[in-house]
A.B. asks: 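Got a structure for you, questions after.
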Amino acid sequence: MAYVPGVALLAALAVGCSAGSDGSATDADSKPGGPTVTTAPPGKYRTLPAPCRAVPASTLKDLLPGVAELPRQQQEKALRGSPTITYDTDRKVGCSWKADAPDSSRNLSIDFERVVSYDPLVSDDDRARSLYVKKENAAELPGGTTPGTAPEKGAPTSAGGGEKGQEKETGKAGDGKGSADPSPSASDSAGTSSGTPGTPGGSDEDLRPRVVGGLGDAAFLDDLLTRAGSTAQHRTVSVVFRTSNVIVTVRYGEQPALVTKVPDSKELQDKAQALARKLAEVISE
């Protein structure tokens, strides 16, 4: 019986220590001034348009003249387009079309890429901006802008320029190497009917690869003329633009039936840019 008060005292001390320990832990967790992590905002766009339905039939008929010559069933099939095979249609989709006419064949492709940043400190827009800049740098635009500093929407743009070598095989528009055939007929075609800049008789308008203003948040145009062996020359005009966290690429090409004919830069560029502007509206709808 003499030892009971001592046992009670030890039990009371144990309870007191336990309570004090819990209180200290709580105080440590609730100390003010701890680091606060701010998550970057998500991108504006959460979905992508259906690519093969993004271009109206009337526009496709204008871009692919050979379609109008096809029987109705074949015409419908050509206008339907071929979807690009991707493994994540929530992130990247595309579609392509092709049509042959007696004087030339034309091909068109569009790609939509929705950029998502998995870094909580980097926004989708910033990630998309970084990817876009890489694409512009890879295009090696001749002069006018410093690589990686494409002006954003509303900023003044440059029409391009400089004397950078612009040939890849037969070349980019604007350097006087639009035709690999030294014959007079090829030269005349490059300087007059094709409107290829940088050649005698060419248009005064600057058609060199360049930054494009008024299209999305940032945009550029590339123009590449290629030729393999003795086949006809093929010109591909690419327009790439970014709007928020979506990057869109339009590729429009032509290969004339005649070896001596050079595809028209101005026509392809005008039509590719017009389509790109329509797609910018489709995304914003």
Side-chain angles (χ1 to χ4, degrees), residues 34-55 81-96 108-158 160 164 168 172 209-224 236-252 272-285:
T36 302
V37 178
T38 302
T39 303
K44 178 180 179 180
Y45 300 106
R46 303 296 183 87
T47 60
L48 293 172
C52 292
R53 296 199 298 269
V55 185
S82 301
T84 302
I85 298 176
T86 62
Y87 298 99
D88 187 354
T89 55
D90 187 51
R91 294 282 307 279
K92 190 171 184 179
V93 294
C95 194
S96 61
L108 169 70
S109 69
I110 59 174
D111 292 293
F112 298 92
E113 180 178 3
R114 187 175 68 88
V115 180
V116 176
S117 172
Y118 293 105
D119 185 340
L121 301 180
V122 179
S123 69
D124 294 346
D125 279 23
D126 287 341
R127 176 62 177 158
R129 183 182 294 107
S130 176
L131 292 177
Y132 167 83
V133 167
K134 288 181 179 179
K135 290 177 180 290
E136 184 189 312
N137 291 348
E140 300 181 343
L141 304 184
T145 58
T146 302
T149 59
E152 291 292 302
K153 187 176 181 179
T157 60
S158 170
K164 176 184 173 183
K168 292 180 182 177
K172 290 190 177 185
R210 61 197 179 277
V211 168
V212 176
L215 175 57
D217 294 318
F220 71 87
L221 177 150
D222 199 7
D223 187 325
L224 181 63
T236 300
V237 171
S238 302
V239 178
V240 181
F241 71 90
R242 180 185 71 83
T243 175
S244 187
N245 62 315
V246 172
I247 298 175
V248 182
T249 302
V250 175
R251 294 184 182 89
Y252 184 40
Q273 288 188 77
L275 175 58
R277 296 182 191 284
K278 288 182 179 179
L279 294 179
E281 295 176 359
V282 169
I283 295 175
S284 300
E285 290 177 353

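For reference, positions follow the sequence shown, starting with 1. Note that this is a predicted model, so its numbers are computed, not measured.
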A.B. asks: Only counting residues at least two apart or in another chain, list the ones meeting side chain to side chain donor-acceptor pair (under 3.5 Å) with Thr89.
C.D. replies: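 Checked Thr89 against side chain to side chain donor-acceptor pair (under 3.5 Å); zero matches.
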
A.B. asks: For the residue pair Phe220 and Lys135, what are the closest heavy atoms and their distance?
C.D. replies: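 Where Phe220 meets Lys135 most closely, the heavy atoms are CZ-O, 3.6 Å.
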
A.B. asks: Taking all atoms of both residues into account, what is the closest heavy-atom pair of Leu131 and Glu113, and its distance?
C.D. replies: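 Taking Leu131 first and Glu113 second, the nearest heavy atoms are CD1-OE2, 4.2 Å.
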
A.B. asks: Hey, what do you get for CZ (Phe112) to OG1 (Thr84), rounding to the nearest 0.5 Å?
C.D. replies: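 Those atoms lie 10.5 Å apart.
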
A.B. asks: Let's go through Asp217 and Tyr132 carefully: what are the C-alpha distance in whole Å and the side-chain angles of both, what is the deciding distance for side-chain contact (heavy atoms from CB on, under 4.5 Å) to 0.1 Å, and is it a yes or a no?
C.D. replies: CA-CA 10 Å; Asp217 294 318; Tyr132 167 83; over 6 Å; no

A.B. asks: Quick one: closest heavy-atom pair of Ser123 and Ala40, and the distance?
C.D. replies: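 Answer, listing the atom of Ser123 first, then Ala40: N-CB, 3.4 Å.
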
A.B. asks: Are the side chain of Arg114 and the backbone of Asp90 linked by a donor-acceptor contact shorter than 3.5 Å?
C.D. replies: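 Yes, the answer is positive, given that a donor and an acceptor are paired below the 3.5 Å cut-off.
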
A.B. asks: Below 4.0 angstrom, N of the basic side chain to O of the carboxylate: do Asp124 and Arg127 qualify?
C.D. replies: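 No, Asp124 and Arg127 are not salt-bridged.
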
A.B. asks: Any idea which heavy atoms bring Pro142 and Pro209 closest together, and the distance?
C.D. replies: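 Smallest heavy-atom distance, with atoms named: CD-O, 3.4 Å.
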
A.B. asks: Ser82: which residues meet the side-chain contact (heavy atoms from CB on, under 4.5 Å) condition with it, sequence neighbours left out?
C.D. replies: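 With sequence neighbours excluded, Ser82 shows a side-chain contact (heavy atoms from CB on, under 4.5 Å) to Ser96, given in chain and number order.
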
A.B. asks: To the closest 0.5 Å, what do you measure between CG (Leu215) and OG1 (Thr243)?
C.D. replies: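 One gets 9.0 Å once the value is rounded to the nearest 0.5 Å.
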
A.B. asks: Under the side-chain contact (heavy atoms from CB on, under 4.5 Å) rule, collect the residues that match up with Arg53, sequence neighbours excluded.
C.D. replies: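 Arg53: side-chain contact (heavy atoms from CB on, under 4.5 Å) contacts with Ala50.
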
A.B. asks: For Tyr87, what residues pass the side chain to side chain donor-acceptor pair (under 3.5 Å) criterion, not counting sequence neighbours?
C.D. replies: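 Not a single residue meets the side chain to side chain donor-acceptor pair (under 3.5 Å) criterion with Tyr87.
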
A.B. asks: Can you name the side chain to side chain donor-acceptor pair (under 3.5 Å) partners of Thr236, sequence neighbours left out?
C.D. replies: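 Applying side chain to side chain donor-acceptor pair (under 3.5 Å) to Thr236 gives His234.
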
A.B. asks: Which residues pass the side chain to side chain donor-acceptor pair (under 3.5 Å) test with Arg46, sequence neighbours left out?
C.D. replies: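 Per chain and number, Arg46 pairs via side chain to side chain donor-acceptor pair (under 3.5 Å) with no residue.
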
A.B. asks: Before giving the answer on side-chain contact (heavy atoms from CB on, under 4.5 Å), spell out for Glu136 and Leu141 the whole-Å C-alpha distance, their side-chain angles and the decisive distance to 0.1 Å.
C.D. replies: CA-CA 7 Å; Glu136 184 189 312; Leu141 304 184; 3.9 Å; yes

A.B. asks: Looking only at non-hydrogen atoms, find the nearest pair between Ile110 and Ala54 and report the distance.
C.D. replies: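 Shortest heavy-atom separation between Ile110 and Ala54 comes out as CD1-CB, 4.3 Å.
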
A.B. asks: Residues two or more places apart in sequence or in another chain: which of them pass side-chain contact (heavy atoms from CB on, under 4.5 Å) with Pro83?
C.D. replies: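 In terms of side-chain contact (heavy atoms from CB on, under 4.5 Å), with neighbours along the sequence ignored, Pro83 is linked to Cys52.
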
A.B. asks: Could you give the side-chain donor-acceptor pairs of residues 244-252 under 3.5 Å, partners two or more places apart or in another chain?
C.D. replies:
from, atom 1, to, atom 2, distance (Å)
Ser244, OG, Lys44, N, 3.4
Ser244, OG, Asp125, OD1, 2.9
Ser244, OG, Asp125, OD2, 3.4
Asn245, OD1, Lys44, N, 3.3
Asn245, OD1, Tyr45, N, 3.0
Asn245, ND2, Tyr45, O, 3.0
Asn245, ND2, Val115, O, 3.4
Arg251, NH1, Asp111, OD2, 3.3
Tyr252, OH, Leu63, O, 2.6
Tyr252, OH, Arg106, NH1, 2.7

A.B. asks: Distance-only criterion, 3.5 Å: show the donor-acceptor pairs between side-chain atoms of residues 273-282 and protein atoms not counting sequence neighbours.
C.D. replies:
from, atom 1, to, atom 2, distance (Å)
Arg277, NH1, Gly214, O, 2.9
Arg277, NH2, Gly213, O, 3.4
Lys278, NZ, Thr59, OG1, 3.0

